[in-house]
There are 2 protein chains.
Amino acid sequence: MTDTPGTHEAWAAALHAHGRRVTKQRLAVLAAVEHHPHSPAETILAAARQELPELTAQSVYVVLGDLTDLQMLRRFEPPHSPALYETRVGDNHHHAICTGCGRVEDVECAVGHAPCLTPHWDEDARPMTIQIADVLYQGICEDCQRSHKLPAERN
Amino acid sequence: MTDTPGTHEAWAAALHAHGRRVTKQRLAVLAAVEHHPHSPAETILAAARQELPELTAQSVYVVLGDLTDLQMLRRFEPPHSPALYETRVGDNHHHAICTGCGRVEDVECAVGHAPCLTPHWDEDARPMTIQIADVLYQGICEDCQRSHKLPAERN
DNA sequence: CACTTATTATGAGCGAGTCACAATAAATGA
DNA sequence: TCATTTATTGTGACTCGCTCATAATAAGTG
């Protein structure tokens with residue numbers, strides 16, 4: 001049993017399963033995302049460089065993009081923020097973001113799979129076949145509320 | 001009665017009510033957004049230049065940002081797309097975007113006001129006070145489905 | 001071990017939007 | 001009506017997040 005989730009062995013197996021080569025760059029990126037959920041590429045790069053100092057930013061972008069396409073990572077893009085990545089995948093959970101400090105919390109999806117909601121179309125709308133319903137909650141976390149911090153420029 | 005919605009007079013009155021000066025630039029931008037809902041700044045600029053050719057891109061950004069803060073416009077940012085603007089405001093409706101062609105349709109909000117959903121927090125999450133629940137449906141419109149168009153690079 | 005081809009590194013470049021500051025023009029009052 | 005004040009717009013440089021083309025490298029294969 002070499003596939004305890006979150007280990008290099010487990011990631012290596014998953015990469016294999018997707019027909020990808022197992023490189024130290026990919027393993028470093030995966031580990032970095034695992035330990036820094038809801039982080040942008042820049043943070044992932046910094047974290048991954050702890051274990052692989054010669055890693056470049058461009059490689060991180062390439063790897064993140066590819067692993068997202070493979071569904072090994074999930075990407076979401078809050079307003080006024082670069083894209084954020086996480087390893088929690090396949091449960092269609094949602095996110096809440098604090099408009100004061102930008103902190104992100106996971107929110108359960110009651111349904112557990114996509115789409116968890118079905119749209120009520122306008123009368124004059126041309127309906128689509130919905131695959132995903134992404135929900136982004138926006139609010140204020142306790143800390144920011146206490147410090148009367150206002151939404152700054154975040155909209 | 002000078003405030004039939006969508007007329008220059010109506011926009012002028014609304015601008016006044018918000019303590020803003022009534023300029024031809026703002027009126028041109030508002031009219032452009034009205035006639036091109038779900039459009040990016042670039043499209044708004046092109047449309048507004050029909051009636052005001054000397055308008056600059058930077059002014060459009062400033063005006064759009066300010067009017068959005070005033071809640072006279074609503075902005076939303078689909079993945080891999082510049083920000084889109086619309087004049088339909090205050091009803092907390094949602095959006096559906098086609099992953100094939102990027103077309104956007106309005107979707108009614110059953111509740112009608114924000115937040116229309118309440119989050120189910122993770123056990124270890126630090127809850128926030130939620131103000132808005134933004135829902136973005138992603139799917140495929142009939143046209144793209146017929147033409148077997150795949151999600152291209154849109155994620 | 002050599003070789004093939006995926007992967008990563010390098011460096012230029014792009015789209016969308018922001019910033020600082022000068023020019024202009026709405027609103028106000030004389 | 002005109003002059004004044006100050007919000008608004010225009011100009012041009014610049015940033016951020018990310019992509020693209022191409023060369024160098026290294027993982028997997030026979």
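Letters go in sequence order (proteins before strands), and every chain restarts at 1. Quick note: numbers below take in every heavy atom, side chains included, and nothing from hydrogens, waters or symmetry partners.
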When you check every protein heavy atom under 4.0 Å of nucleotides 12-18 of chain C, what one-letter string (B, S, -) results, 5' to 3'? ----SBB
Close N or O pairs between protein and nucleotides 28-30 of chain C (under 3.5 Å):
none

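- Between A:His95 and A:Phe76, the angle of the ring planes stays under 30°, which puts this pair in the parallel group of the 30/60° scheme.
- We find that CD of A:Glu54 is positioned 12 Å from P of C:dT8, with the value rounded to whole Å.
- Comparing the local axis fitted to the first five base pairs of the helix from C:dC1-D:dG30 to C:dA30-D:dT1 with the one fitted to its last five gives a bend of 30°, rounded to 10°.
- Between A:Val29 and A:Leu52 there is no side-chain heavy-atom pair separated by less than 4.5 Å.
- Close to C:dA25, at under 4.0 Å from its OP1 or OP2, lies no side-chain N or O of B:Arg21.
- Spacing between atom CD of B:Gln25 and atom C1' of C:dA27 amounts to 15 Å, rounded to whole angstrom units.
- From the 5' end on, the contacts that DNA chain D makes with chain B at under 4.0 Å to a non-hydrogen atom open and close at D:dT6 to D:dG12.
- Within the 4.5 Å cutoff, no side-chain heavy atoms of A:Ile132 are placed close to those of A:Pro115.
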Candidate pair A:Arg20 and A:Met72, rule side-chain contact (heavy atoms from CB on, under 4.5 Å), full reasoning: CA-CA 12 Å; A:Arg20 292 296 186 277; A:Met72 288 181 61; over 6 Å; no
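- Sequence order on DNA chain C of the closest nucleotides to A:Lys24 and B:Lys24 puts A:Lys24 first from the 5' end.
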Determine all donor-acceptor pairs shorter than 3.5 Å in which one atom belongs to a side chain in residues 53-63 of chain B; sequence neighbours excluded.
unit_1	atom_1	unit_2	atom_2	d
B:Thr56	OG1	B:Ser59	N	3.3
B:Thr56	OG1	B:Ser59	OG	3.0

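- Heavy atoms from other residues, nucleotides or ligands lying under 6.0 Å from CD of A:Glu51 number more than 12.
- Within the 4.5 Å cutoff, the side chain of A:Glu77 has heavy atoms near those of the B:His80 side chain.
- The shortest distance between side-chain heavy atoms of B:Leu136 and A:Leu136 does not fall below 4.5 Å.
- You'll find the side chain of A:Val104 stays beyond 4.5 Å of the side chain of A:Glu86, heavy atoms only.
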Given B:Leu30 and B:Val33, is the side-chain contact (heavy atoms from CB on, under 4.5 Å) satisfied, shown in steps? CA-CA 5 Å; B:Leu30 282 164; B:Val33 177; 5.9 Å; no
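- Looking at B:Asp134 and B:Arg74, a side-chain N of the basic residue comes within less than 4.0 Å of a carboxylate O on the acidic one, giving a salt bridge.
- A heavy-atom distance below 4.5 Å is not found between the side chains of B:Arg103 and B:His38.
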Show me the donor-acceptor pairs, under 3.5 Å and distance only, between side chains in residues 116-123 of chain B and residues at least two apart or in other chains.
unit_1	atom_1	unit_2	atom_2	d
B:Asp122	OD2	A:Arg88	NH1	3.4

